[in-house]
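This report refers to the structure that appears directly beneath it.
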There are 2 protein chains.
Amino acid sequence: MVESLLDIAEVAERSGLAPSALRFYEKRGLIASAGRNGLRRAYQPDILKRLAFIACARSSGFTIAEIARFLVATPDDTKLRARMAEKARELEEDIARLTRMRDGLHHASTCMHEPLVECPDFKRTFENPATLTPSPGHWQRTAFPAEGDLSRPGEVPANL
Amino acid sequence: MVESLLDIAEVAERSGLAPSALRFYEKRGLIASAGRNGLRRAYQPDILKRLAFIACARSSGFTIAEIARFLVATPDDTKLRARMAEKARELEEDIARLTRMRDGLHHASTCMHEPLVECPDFKRTFENPATLTPSPGHWQRTAFPAEGDLSRPGEVPANL
DNA sequence: CTGTGACTTGAAGCGCGGTTCAAGTCAAGG
DNA sequence: CCTTGACTTGAACCGCGCTTCAAGTCACAG
């Protein structure tokens, strides 16, 4: 049982996270190592599930600080639970927005309008009611290629 | 017709964006002013729709640079269109992940496990197959309160 | 003509989520 | 024993998406 522990490198590889990210998460209280082998962190195997949850939460729009709070939450923490319920509702909106965006993109990828954003069908997707703008303070990002040459499709101003 | 133009302050108010953000978007090529009144930018009313689209795209995980490219895209830009289709597929995954997270949160907000993250039902939500980790390079964020005292629910390490 | 005050600019700064770096430590192999 | 090399640390740095700041310009009121 003493030997079921995972080295940080192994955790990094299996989780897809950089070792530096693991140390960063530890500093922020998201994870903890089960002990050390010399200087080296040793993790219990179930750290991987925790990391999977963290990754899911991160990509769902939670900050590191939020996740840290969620991870130590107990049933009597009513405020946090209220916040969870609120977050669940926010996620509904996010889902609606993403669905719109997906539909819009899907159309744009096959539409013949010049330029694409001027297509009436496309615009209609974004014209309607709520679910367009996120509740204040709420966003996301996706790093674009950096690899692969998608970085220069439209010859954007390129200023700065 | 010459008087249907909007002042930057008006656009800011109606769009919910800060004037600085509008200037920033202009610098990045996302928007353009229709002209100037003295020094002041004057915008055509339909800028608001464009901004709504931009906000939706931003909150769907697109970077400023991506949006800039999308906004100038034409039907013959096959690479970009391929990327759009790919993005649409990624959004499917995002939606699946958000849906999971929503369900997990919804359960956690009414569950009696101590601590909440150890609830088997909750864990099961995140245990299964794909749709857990985002395709590499892909994330989002949500600023937490800052207002309202949610900032200290679990007395997290507080280091740093 | 003289404020006033909302805009203009470029440059610097900020918060987040890490990565990178220099310098140090340790276990294992030869 | 000494080397090797993967880990350790704290601190510095980075990219993104803005915001803030100092200094300047302009339209309009009085």
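Labels below follow one simple rule: chain letters A, B, ... track the order of the sequence lines, proteins then strands, and each chain is numbered from 1.
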Please report the distance, rounded to the nearest Å, between [atom1] in [X] and [atom2] in [N].
| X | N | atom1 | atom2 | value |
| --- | --- | --- | --- | --- |
| A/Glu10 | D/dA6 | CD | P | 15 Å |
| A/Asp7 | D/dA6 | CG | P | 11 Å |
| B/Arg28 | C/dG10 | CZ | P | 13 Å |
| B/Lys27 | D/dC16 | NZ | P | 15 Å |
| A/Leu17 | C/dG17 | CG | C1' | 12 Å |
| A/Arg58 | C/dC16 | CZ | P | 12 Å |
| A/Glu66 | C/dG17 | CD | C1' | 14 Å |
| A/Ile31 | C/dG18 | CD1 | C1' | 13 Å |

Across nucleotides 19-29 of chain D, 5' to 3', mark each nucleotide with B, S or - according to how protein heavy atoms within less than 4.0 Å reach it. BB---BBSS--

State whether A/Tyr25 places a side-chain N or O below 4.0 Å from either non-bridging phosphate oxygen (OP1 or OP2) of C/dG18.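 Affirmative; the distance criterion is met.
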
Taking OP1 and OP2 of D/dT9, is either one under 4.0 Å from a side-chain nitrogen or oxygen of A/Arg41? yes

Only counting residues at least two apart or in another chain, list the ones meeting salt bridge (Lys or Arg N to Asp or Glu O under 4.0 Å) with B/Arg102.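 Scan of B/Arg102 (salt bridge (Lys or Arg N to Asp or Glu O under 4.0 Å), adjacent residues dropped) gives A/Glu92.
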
Are B/Glu66 and B/Arg69 close enough, and set up right, to give a salt bridge (charged side-chain N to carboxylate O under 4.0 Å, His left out), and what steps lead you there? CA-CA 5 Å; B/Glu66 284 175 320; B/Arg69 297 202 278 277; 5.4 Å; no

What distance do B/Tyr43 atom OH and B/Glu10 atom CD have between them, rounded to the nearest 0.5 Å? 12.5 Å

Residues B/Arg89, B/Glu93: salt bridge by 4.0 Å N-O rule: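 Result for this pair is no, no salt bridge flagged.
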
Salt-bridge present (A/Arg97, A/Asp94; N to O < 4.0 Å): yes

Closest contact, heavy atoms only, B/Ala73 versus B/Leu80: CB-CD2, 3.4 Å

